[in-house]
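The first residue in the sequence is number 1, and the count goes up from there. All heavy atoms count here, side chains included; hydrogens, waters and symmetry mates do not.
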Amino acid sequence: MSTETVLRRLVDQAVEAAIHEGITHSDELDAEAVIRITSALRAELAETKEPERRQRDLEYVLHTFGVDMALRLSQGIAIASDSNNDSDQATALAGILALIDISAVLSDSGVLDASLAFTLLEEIMDMVDMVRAGDIFGHIERRASFLRRGVSATGGKGVVMLRMCNGLLRRIPQSTMSEFAGRVQIFVANTFTLSERSGVNLRGDTDTMHVAKADDAIDDPLYKSFWLLQRYFADPKMLQTGDATKAFVDAATVTVDEFRRTINSRVPPISLDPTGKENLRHLTAPALFRMQLADTM
């Protein structure tokens, strides 16, 4: 019996045990339970005279197992008429979740490469549709504290994690699955510190292409002040020129004072009379302004 066949049998047994014992369904990863059900795998690695080679063999077997499960998920979607389709998909999904737990624990204990779990996830995510990717990502969120151990954005599994998340964000349809995209972004944001170099705008670049454009014909100090602030927020470098700082402080003072008054008062209803100049991106129509101000409170 070949080495890969032996390892695949042991992996199958470990995955079945993880599913049967409910390890994959727990909110927190039970690392001790995973170590117990992978004892035969670790013993197989310890007995060889070529541990590095056997480690590579096991990583390859885990890779092929993940690909097999991902294919079953994708093929199950394509063959919707199969009466066993739902059951087969559920089994494949459970196998992937168990694979994540097993690879994460073996990596954390030094048995396998530290980035293996995210490497497997990256490939699996590329093979499944976005609905299934969302299911798998939910498991990643539950295992976040364990998976984030020793993560760095400049090397190791942190780089693989970022690549996987960026790949997901490119594929997620923003118009229909914006919540999923937000979950991915929150996961990344919670993984690294605010001072992490990869997330800091070192050059001070600004987006001046989408600055809100208010109606200059409206003679309302509050309206003008509020939307003037947006220009400075979009391009803070403007504050370095001329009397911009004084204009910013004046506009901020008018706006904040109005916010304070609005918190403890009710704004009278205003009839909406569309002018045809509404900006759908920023909704800067004067007729909407007072209602927007009241709604934020």
Side-chain angles (χ1 to χ4, degrees), residues 11 15 24 29 56 58-78 89-108 112-203 205 207:
V11 168
V15 168
T24 58
L29 177 56
R56 291 195 298 269
L58 177 55
E59 290 175 353
Y60 174 76
V61 169
L62 292 172
H63 160 81
T64 56
F65 180 90
V67 171
D68 289 344
M69 295 299 102
L71 284 174
R72 287 174 64 179
L73 272 182
S74 58
Q75 290 174 352
I77 294 173
Q89 282 193 303
T91 301
L93 180 60
I96 290 174
L97 303 188
L99 175 66
I100 295 171
D101 290 347
I102 291 171
S103 59
V105 172
L106 292 179
S107 295
D108 186 70
L112 301 176
D113 183 78
S115 61
L116 179 65
F118 284 116
T119 300
L120 297 175
L121 280 167
E122 181 182 19
E123 186 159 26
I124 291 171
M125 291 297 197
D126 285 341
M127 298 179 64
V128 300
D129 71 294
M130 285 296 95
V131 174
R132 290 304 183 185
D135 295 335
I136 297 171
F137 195 81
H139 190 70
I140 297 175
E141 291 173 312
R142 290 193 296 274
R143 300 292 186 256
S145 60
F146 194 91
L147 291 171
R148 287 173 178 150
R149 290 184 180 181
V151 165
S152 170
T154 58
K157 63 182 182 181
V159 173
V160 183
M161 188 212 75
L162 281 173
R163 192 169 62 223
M164 179 202 74
C165 291
N166 287 333
L168 277 176
L169 290 173
R170 283 192 295 269
R171 293 179 58 210
I172 295 174
Q174 298 293 327
S175 59
T176 57
M177 302 186 72
S178 58
E179 181 182 352
F180 182 18
R183 287 166 52 200
V184 175
Q185 293 172 330
I186 291 173
F187 178 81
V188 174
N190 289 337
T191 300
F192 304 107
T193 62
L194 291 176
S195 60
E196 173 56 49
R197 184 181 179 88
S198 64
V200 175
N201 185 4
L202 297 174
R203 298 184 304 177
D205 293 335
D207 178 13

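In this structure the side chain of Gln89 never reaches within 4.5 angstrom of the side chain of Arg72, judged on heavy atoms. Between Val15 and Met69 the shortest side-chain heavy-atom distance does not fall below 4.5 Å. Contact annotation: the side chain of Thr191 never approaches that of Leu162 to less than 4.5 Å [non-hydrogen atoms, C-beta and beyond]. For the pair Gln174/Phe180, no side-chain contact is recorded, criterion being any heavy-atom separation below 4.5 Å from C-beta on. Between Leu116 and His63, every side-chain heavy-atom pair lies at or beyond the 4.5 Å cut-off. Residues Phe118 and Val159 are not in side-chain contact: their nearest non-hydrogen atoms beyond the backbone lie 4.5 Å or more apart. Using a 4.5 Å cut-off on side-chain heavy atoms (C-beta onward), Asp101 and Phe146 make no contact. Residues Met125 and Ile140 have side chains in contact (heavy-atom distance under 4.5 Å, counting atoms from C-beta outward).
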- Residues Ile124, Leu99; criterion side chain to side chain contact (heavy atoms under 4.5 Å, CB included); working and verdict: CA-CA 11 Å; Ile124 291 171; Leu99 175 66; 4.1 Å; yes

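For the residue pair Leu147 and Val151, the shortest heavy atom distance occurs at O-CG2, 3.6 Å. Closest non-hydrogen pair, Ala94 versus Thr24, comes out as O-CG2, 4.4 Å. Across Val160 and Glu122, no two heavy atoms sit closer than the pair CG1-OE1, 3.9 Å. For Met177 against Val131, the heavy-atom pair with the smallest separation is CE-N, 4.4 Å. Of all heavy-atom pairs between Phe65 and Gly95, the closest is CE2-O, 3.6 Å. In terms of heavy atoms, Ala133 sits closest to Val128 at N-CG2, 3.9 Å.
To the nearest 0.5 Å, the span separating CZ on Arg142 from CD1 on Ile100 amounts to 9.0 Å. The distance from the CG atom of Leu106 to the CG atom of Leu62 is 7.0 Å, given to the nearest 0.5 Å. For the atom pair CG (Leu168) and CD (Gln185), the distance works out to 11.5 Å, reported to the nearest 0.5 Å. The structure places CG of Leu121 at 11.0 Å from CG of Asp126, a figure rounded to the nearest 0.5 Å. The CE atom of Met164 sits 12.5 Å away from the OG atom of Ser115 when rounded to the nearest 0.5 Å. Between the CG atom of Leu73 and the CG atom of Asp129 there is a distance of 8.0 Å, given to the nearest 0.5 Å.
Between the side chain of Lys157 and the backbone N or O of Thr119, no donor-acceptor pair lies under 3.5 Å. At distances below 3.5 Å, not a single donor-acceptor pair connects side-chain atoms of Arg183 with backbone N or O atoms of Ser178. Under the 3.5 Å distance criterion, the side-chain polar atoms of Thr64 are matched with a main-chain donor or acceptor of Val61. A donor-acceptor contact shorter than 3.5 Å links the side chain of Ser107 to the backbone of Asp113. The backbone N or O of Ala104 lies less than 3.5 Å from no partner atom in the side chain of Asp108, so there is not a single donor-acceptor pair.
Under the 6.0 Å distance and 45° angle rule, Arg132 does not count as a cation-pi partner of Phe137.
Remark: Glu179 CD is loosely packed, at most 12 non-hydrogen atoms of other residues, nucleotides or ligands lying under 6.0 Å away.
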